[in-house]
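Shown next, in structure tokens, is the structure this report addresses.
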Amino acid sequence: MLDLKFVRENYDEIKKKLDKRGEDLADFEKFPSLDEKRRELIRETEALKAKRNEVSQEIARKKRNKEDADALIQEMREVGERIKDLDERLRAVEEELDQLMLSIPNIPHESVPVGESEEDNVEVRRWGDLPEFDFEPKPHWEIAAKLGILDFERAAKVTGSRFVFYKGLGARLERALINFMMDLHSEEHGYKEMWPPFLVNRASMTGTGQLPKFEEDAFKIREDDYFLVPTAEVPVTNYHRDEILDADDLPLAYCAYSANFRSEAGAAGRDTRGLIRQHQFNKVELVRFVKPEDSYDELEKLTGHAERVLQLLGLPYRVVSICTGDLGFAAAKKYDLEVWLPSYHTYREISSCSNFEDFQARRAGIRFRREPNKKPEYVHTLNGSGLAVGRTFAAILENYQQADGSVVIPEALRPYMRGIERIEPK
RNA sequence: GGAGAAGUACCCAAGUAGGCUGAAGGGGCUCCCCUGCUAAGGGAGUAGACGGUGUAAACCGUGCGAGGGUUCGAAUCCCUCCUUCUCCGCCA
């Protein structure tokens with residue numbers, strides 16, 4: 001959410017910047033009149049309330065002195081009616097303004113490349129040599145089938161499409177990846193390890209920006225208004241919702257594993273095979289709460305932490321700076337890490353690292369105090385996948401596949417696999 | 001899931017015949033005095049937050065878990081919800 005005063009004072013400039021996202025700005029046009037209407041109603045209603053408070057004192061005094069206060073009471077009865085009426089109108093206007101503000105995306109940072117779609121994203125750097133095969137590399141679902149470590153068919157029977165069973169060494173590999181990533185970030189990168197709830201309430205989903213605009217993307221438990229987490233970002237960022245943090249504690253860094261649930265509305269027909277796009281997938285998430293002046297350095301740092309996972313696993317990747325037209329709703333700037341998938345002959349997103357500046361913090365009420373008695377300020381929040389585990393699983397199968405159908409386990413992972421160096425066809 | 005009790009400021013806690021209580025008292029914290037260390041003692045200060053008006057000083061509004069209602073006026077009365085605790089049931 002953007003700051004009301006800031007929008008009021010910089011309306012035209014902000015409009016220009018939002019336009020670069022390719023957003024429909026029809027709603028935003030309503031801002032100036034709504035904002036003015038709101039303030040007008042506040043002025044009116046508060047003047048009446050001040051009067052009511054004053055006269056109520058007067059009535060109390062008269063009653064104590066056994067004087068007649070009927071005329072005043074009669075007068076205040078009318079004032080009360082007017083206040084009630086104005087309050088109702090004010091509430092309606094504030095509700096509308098609130099919905100408007102909650103649906104306006106973040107302003108892109110000046111360093112974000114201007115563009116319309118993912119075509120215009122800018123590659124920042126590449127790492128690693130692409131693997132060379134003296135045979136035709138197979139897609140990961142075919143490799144997995146030979147190894148007997150994934151079962152999509154039975155998952156479809158048990159649940160539905162876009163779900164999967166990991167089996168045997170496949171299940172162990174998935175678990176090894178989670179443990180490897182969590183250990184790396186908590187032991188070496190200084191993140192505090194968290195294990196969050198996988199269901200969150202509406203306020204949390206609104207705090208990080210999934211709601212109100214993207215409700216159809218989420219799985220919802222209807223009767224108690226809970227949502228299955230689409231990413232651990234939601235519970236972990238909201239961990240500090242409505243809090244004022246100590247400046248000395250910043251930056252705060254958390255890493256959290258969670259299963260992630262996404263309805264993938266609108267993705268019908270895309271990536272229907274394999275692990276790339278599932279309704280449920282595992283991910284290790286990095287979340288940072290930082291001082292505003294540090295947040296862009298922090299974004300580089302966080303991106304580096306995610307990259308480190310790929311480097312240790314020996315998976316070739318590139319870093320892409322997401323352009324204005326492709327930027328997520330809440331992000332001011334975003335880097336994607338894209339891992340090389342041989343069977344696709346292309347890089348595919350495996351991590352997304354964003355700086356939200358104070359956009360989420362304002363929605364979620366996450367502030368900090370620089371010094372005692374100073375006014376609280378909003379923190380900047382960042383997060384990034386470190387990494388999406390299912391896609392990492394797929395990348396390992398594809399990049400480490402051998403001519404005989406086996407898959408070599410990257411060395412860094414072997415301690416987590418009880419020493420297993422290779423998964424052989426069944 | 002059933003039955004009870006409770007939610008007041010950083011913490012504990014008083015406050016129902018509704019009005020001079022936005023909130024007694026204590027602890028903690030900050031400052032000052034006294035005390036050559038320590039212990040103890042004395043005094044002062046300690047809602048923050050959000051919103052509105054204003055160049056500003058400042059003034060006004062909201063605020064006693066949340067949201068409604070009754071009333072000229074609510075921490076105090078009524079309703080709904082949330083959370084915590086105790087007991088029972090059920091489970092992992």
Side-chain angles (χ1 to χ4, degrees), chain A residues 1-9 31-102 195-207 211-212 220-227 235 238-249 259 358-379:
Chain A
M1 191 155 60
L2 304 177
D3 179 55
L4 215 57
K5 277 189 187 136
F6 180 69
V7 174
R8 186 181 303 146
E9 285 158 16
F31 176 85
S33 64
L34 265 181
D35 178 55
E36 183 44 51
K37 186 78 198 158
R38 167 175 172 272
R39 285 190 294 160
E40 188 187 315
L41 285 169
I42 286 174
R43 283 194 293 268
E44 238 178 299
T45 187
E46 287 193 348
L48 284 177
K49 282 178 181 174
K51 177 166 190 199
R52 180 178 69 185
N53 289 344
E54 199 183 313
V55 176
S56 285
Q57 296 297 314
E58 178 70 19
I59 292 171
R61 200 175 321 124
K62 286 205 169 193
K63 290 221 164 184
R64 245 177 286 128
N65 299 336
K66 309 271 194 258
E67 291 171 37
D68 176 44
D70 287 356
L72 286 179
I73 289 176
Q74 196 56 41
E75 189 188 337
M76 282 306 101
R77 198 168 284 165
E78 257 170 62
V79 171
E81 287 304 314
R82 284 171 61 200
I83 289 175
K84 193 185 272 186
D85 177 55
L86 285 170
D87 268 346
E88 240 159 71
R89 284 162 60 196
L90 178 60
R91 199 182 324 160
V93 168
E94 290 202 315
E95 171 66 21
E96 198 181 337
L97 186 60
D98 221 42
Q99 286 307 310
L100 171 67
M101 294 307 286
L102 285 173
W195 196 291
F198 291 2
L199 295 181
V200 294
N201 59 32
R202 182 170 287 274
S204 294
M205 289 288 275
T206 306
L211 295 181
K220 181 179 171 187
I221 311 291
R222 201 157 283 130
E223 62 241 42
D224 34 31
D225 212 29
Y226 288 162
F227 296 83
N238 280 281
Y239 182 75
H240 288 302
R241 172 149 51 84
D242 296 323
E243 291 184 15
I244 297 177
L245 306 170
D246 221 328
D248 297 339
D249 293 337
D358 62 6
F359 188 85
Q360 293 183 324
R362 183 169 294 108
R363 289 173 159 246
I366 308 169
R367 293 173 292 178
F368 77 105
R369 212 186 290 278
R370 275 186 205 277
E371 285 169 54
N373 303 322
K374 278 274 164 62
K375 258 185 92 70
E377 300 169 47
Y378 288 107
V379 299

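A quick note: this is a predicted structure, and the numbers were derived from the prediction, not measured. The chains referred to below are lettered A, B, ... by the order of the sequence lines, with proteins before strands, and numbering in each begins at 1.
If you check every strand for non-hydrogen atoms under 4.0 Å, A:Arg8 touches sugar and phosphate atoms only. In this structure, A:Lys62 reaches neither bases nor backbone, as no heavy-atom distance under 4.0 Å exists between it and the strands shown. Using a 4.0 Å heavy-atom cutoff across all strands shown, A:Lys5 reaches sugar-phosphate atoms only and no base atom. The residue A:Ile59 sits close to a base: some heavy atom pair falls under 4.0 Å.
Base pairing of B:U86 is made with B:A3, judged by Watson-Crick or G-U wobble geometry with both donor-acceptor distances under 3.5 Å. In this structure, B:C91 forms no base pair with any nucleotide, since neither Watson-Crick nor G-U wobble geometry is met with both distances under 3.5 Å. The pairing partner recorded for B:G25 is B:C12, the criterion being a Watson-Crick or G-U wobble arrangement whose two distances lie under 3.5 angstrom.
Remark: the backbone N or O of A:Thr206 is paired with a side-chain donor or acceptor of A:Arg363 at under 3.5 angstrom.
Taking 4.5 Å as the limit, some side-chain heavy atom of A:Leu72 sits within range of a side-chain heavy atom of A:Glu58.
Here B:G68 is the nucleotide among B:G68, B:G51, B:G73 with the atom lying nearest to any side-chain atom of A:Arg91. For A:Glu46, counting side-chain heavy atoms from C-beta on, the closest listed nucleotide (B:G52, B:G48, B:C72) is B:G52.
Rounded to whole angstrom, the span from the CG atom of A:Leu48 across to the P atom of B:C72 amounts to 16 Å. Per the geometry, CD belonging to A:Glu54 stands 15 Å off P belonging to B:C59, to the nearest Å.
An OP1 or OP2 oxygen of B:G73 is reached within less than 4.0 angstrom by a side-chain nitrogen or oxygen of A:Arg52.
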